[in-house]
Amino acid sequence: MKRILILSALAGSGLAPAAMAQTAVSFGTNWVAQGEHGGYYQAVEDGSYKECGLDVTIVPGGPQVNNRAMMLAGKIDFNMAGNLLSTFNAAAEGVPVVAVAATFQKEPQVFLTHPGKGKTFDDLKKLKIYVSDEGFASYYLWMKSAHGFTDEQREVYTFNMAPFIADENTAIQGYVSSEPLMVQKEAGWTPDSLLLADAGYGTYSTLIETMADTVATRPEVVQCFVDGSAKGWYNYLYGDASKADARIKADNPEITDEQLAFAREQMKAYGIVDSGDALEKGIGVMTKEHIDGFFKDMAEAGAISPDLDYSKAYTLDFVGKGVGMEMKK
């Protein structure tokens, strides 16, 4: 009887039972805290996770941190995957993780050129291109297969902008939300940016993944985390991002307000988070057609086996419901 009276009082006050106890979960990011993680920090700060019953702790990544391994060991509940190649590789290796949402509709990977040297994607074929070993084994395979780029024009990227800045006949890889600002500050001029996604590189990026067992046994926790993240991203992109940015700076004291503002504006300008299917179905959406199309492209490029069964490496059950779209301003 006392429990009934308490629940009745909560209902009368407009509070949900979730307000009595929050389920604690943790989310590991793929790098140190930055603007590209802003929506998750926003969801913590604005209460979007708490609305449906989660107390979320964000666990930053970094050069010495492997948060997917932490999740496999049961240390964290959700992880930020890089892109769909990570999802396909998990399936190939029999790792029981499942992608449940795609925060970025577009991979933010770009090639930067000197002003006027890279007006189109084909212009890159005239230049030497600085590409990391990881990039050479992934998206550069697609560039060769789909667009005719060659091994000979590739230069090894050593995470140093100086050789690119010094030579106008080169291009260099980067993220649209960070490296263009770095070049501006170092060189004093604004580079041109060519987004691989706009040239047809169709992977989702910054996916939310969790263990297959979590999907099977705690679907309500997964749904809350996906929904809360979507709301956080709408608020971060279109609302007041100041509290989220303050939390990011607390986790990463080296980041500046200028960097955070630049990342946010670039994500909006290039439709990294809110574009394509997300415009109709909400942030985080994935579709089978999109995933199958990217798999076909990468199999043709030789990056993945064409016989791979990746059907259990992702689920569409938690996305595409338009959650948070009314918050867009």
Item to complete: Examine distances only and state if a side-chain atom of Q184 and a backbone atom of T190 form a donor-acceptor pair shorter than 3.5 Å.
Response: no
Discussion item. Using 0.5 Å steps for rounding, measure from the OG1 atom of T158 to the CD1 atom of I172.
Written reply: 7.5 Å
Worksheet entry | Cluster check F262, L237: I/L/V/M/F/W/Y, side chain < 4.5 angstrom | no
Item to complete: Take H114 and N169 through the test side chain to side chain contact (heavy atoms under 4.5 Å, CB included) and record every step on the way to the result.
Response: CA-CA 8 Å; H114 285 243; N169 292 311; over 6 Å; no
Item to complete: For residues F225 and F78, establish whether the separation of their ring centroids is below 6.0 Å.
Response: yes
Worksheet item: If only atom types and distance count, is the side chain of R68 paired as donor or acceptor with the main-chain N or O of A81 below 3.5 Å?
Response: no
Item to complete: Calculate, to the nearest 0.5 Å, the distance between atoms CG and NZ belonging to L316 and K281 respectively.
Response: 9.0 Å
Worksheet, complete the sentence: Heavy-atom nearest pair, I304 first then L308, reads CG1-CD2, 3.9 Å
Practice prompt. Please examine the side chains of K231 and M327, heavy atoms only from C-beta on, and report whether any two atoms are closer than 4.5 Å.
Written response: yes
Worksheet, complete the sentence: Here the pair of heavy atoms bringing Q266 nearest to P180 is NE2-CG, 4.4 Å
Worksheet item: Same cluster or not: are F295 and M143 linked, directly or through other Ile, Leu, Val, Met, Phe, Trp or Tyr residues, by side-chain heavy atoms under 4.5 angstrom apart?
Response: yes
Worksheet item: Is the backbone N or O of E209 less than 3.5 Å from a side-chain atom of N79, with the two atoms forming a donor-acceptor pair by type?
Response: no
Discussion item. Under a 4.0 Å threshold between the charged nitrogen and the carboxylate oxygen, would K268 count as salt-bridged to D274?
Written reply: no
Worksheet entry | CG on D317 to CE on M286, rounded to 0.5 Å | 9.5 Å
Worksheet, complete the sentence: Y234 and G282 have their tightest heavy-atom pair at OH-CA, 3.4 Å
Discussion item. For the backbone of I248 and the side chain of N252, can you confirm whether one donor and one acceptor N or O come within less than 3.5 Å of each other?
Written reply: no
Discussion item. Tell me whether S305 contacts the main-chain N or O of D307 through its side chain, where contact means a donor paired with an acceptor under 3.5 Å.
Written reply: yes
Worksheet item: With side chains defined as the heavy atoms from C-beta onward, is the minimum distance between Y204 and H290 less than 4.5 Å?
Response: yes
Discussion item. For G61, is there any backbone N or O sitting under 3.5 Å from a side-chain donor or acceptor partner on T29?
Written reply: yes
Practice prompt. Give a yes or no on whether V285 and L279 share a hydrophobic cluster (residues Ile, Leu, Val, Met, Phe, Trp, Tyr; joining criterion: side-chain heavy atoms under 4.5 Å apart).
Written response: no
Worksheet item: Are the side chains of E107 and Y139 in touch, meaning some heavy atoms are under 4.5 Å apart?
Response: no
Fill in: Step-by-step salt bridge (charged side-chain N to carboxylate O under 4.0 Å, His left out) determination, K106 to D198
CA-CA 8 Å; K106 295 181 179 182; D198 291 342; 3.0 Å; yes
Worksheet item: Going by atom types alone, do D245 and Y41 pair a side-chain donor with an acceptor below 3.5 Å?
Response: no
Discussion item. Would F121 and F149 count as a ring pair (Phe, Tyr, Trp, His ring centres under 6.0 Å) here? Give the steps.
Written reply: CA-CA 11 Å; F121 198 65; F149 285 81; 5.4 Å; yes
Worksheet entry | Main-chain N/O of E134 paired to S138 side chain as donor or acceptor, under 3.5 Å | yes
Practice prompt. Measure the CZ-CG distance between F104 and N83 for me, rounded to the nearest 0.5 Å.
Written response: 11.5 Å
Item to complete: Anything under 30° is parallel, anything over 60° is perpendicular, the rest tilted; go ahead and classify F294 against Y201.
Response: perpendicular
Item to complete: Indicate yes or no: does D167 engage K128 in a salt bridge with an N to O separation below 4.0 Å.
Response: no
Worksheet item: Taking side chain as C-beta onward, heavy atoms only, is D77 less than 4.5 Å from T214?
Response: no
Practice prompt. Locate the shortest heavy-atom distance separating A278 from V273; write the atom from each residue and the value.
Written response: CB-O, 3.9 Å
Discussion item. Given 3.5 Å as the limit, does a donor-acceptor pair link the side chain of Q34 with the main chain of V32, or not?
Written reply: yes
Discussion item. How long is the straight-line distance from CD of Q105 back to OG1 of T206, given to the nearest 0.5 Å?
Written reply: 11.0 Å
Item to complete: With the side chain counted from C-beta on, respond yes when M267 and W233 share a heavy-atom pair under 4.5 Å apart, and no when they do not.
Response: yes
Worksheet item: Short question: side chain of Q42, backbone of D240 - any donor-acceptor pair under 3.5 Å?
Response: yes
Fill in: Validation row, ring centre F111 to ring centre F164 under 6.0 Å
no
Worksheet item: Is NZ or CZ of R154 both nearer than 6.0 Å to the six-membered ring centre of Y140 and within 45° of the ring axis?
Response: no
Worksheet entry | Reported CD-to-CD distance for the pair Q173 and E179, which is rounded to 0.5 angstrom | 8.0 Å
Practice prompt. Would you indicate whether E326, at its atom CD, is surrounded by more than 12 heavy atoms from other residues, nucleotides or ligands within a distance under 6.0 Å?
Written response: yes
Item to complete: Go through the steps for Y236 and Y40 under the test side chain to side chain contact (heavy atoms under 4.5 Å, CB included), then give the verdict.
Response: CA-CA 9 Å; Y236 188 71; Y40 311 111; over 6 Å; no
Discussion item. Do F27 and V25 make a side-chain contact, defined as non-hydrogen atoms from C-beta onward lying under 4.5 Å apart?
Written reply: no
Item to complete: Report the C-alpha separation of S229 and I208 in whole Å, then their side-chain angles, then the decisive distance to 0.1 Å, and conclude whether the side chain to side chain contact (heavy atoms under 4.5 Å, CB included) test is met.
Response: CA-CA 9 Å; S229 298; I208 298 170; 3.9 Å; yes
Worksheet item: Cluster question for you: counting only ILVMFWY and a side-chain heavy-atom cut-off of under 4.5 Å, with indirect links fine, are I255 and V183 together?
Response: yes
Worksheet item: Can you find a heavy atom in the side chain of H147 that is under 4.5 Å from one in the side chain of W142?
Response: yes
Practice prompt. Let me see the working for T203 and D297 under side chain to side chain contact (heavy atoms under 4.5 Å, CB included), right down to the final yes or no.
Written response: CA-CA 10 Å; T203 185; D297 287 345; over 6 Å; no
Practice prompt. Kindly say whether the aromatic ring centers of W31 and H37 come within a distance under 6.0 Å.
Written response: no
Worksheet item: Are the side chain of D123 and the backbone N or O of T120 linked by a donor-acceptor pair below 3.5 Å?
Response: yes
Discussion item. Is any side-chain heavy atom of R218 closer than 4.5 Å to one of T23?
Written reply: yes
Worksheet, complete the sentence: Taking every heavy atom of D251 against every heavy atom of A33, the minimum-distance pair comes out as CB-CB, 3.7 Å
Discussion item. How close do L127 and A171 get, counting heavy atoms only, and between which atoms?
Written reply: CD1-CB, 4.1 Å
Worksheet item: Do I76 and V221 sit in the same hydrophobic cluster, where Ile, Leu, Val, Met, Phe, Trp and Tyr count as joined when their side-chain heavy atoms come under 4.5 Å apart?
Response: no
Discussion item. Using 30° and 60° as the class boundaries, would you call the ring planes of Y157 and F159 parallel, tilted or perpendicular?
Written reply: tilted
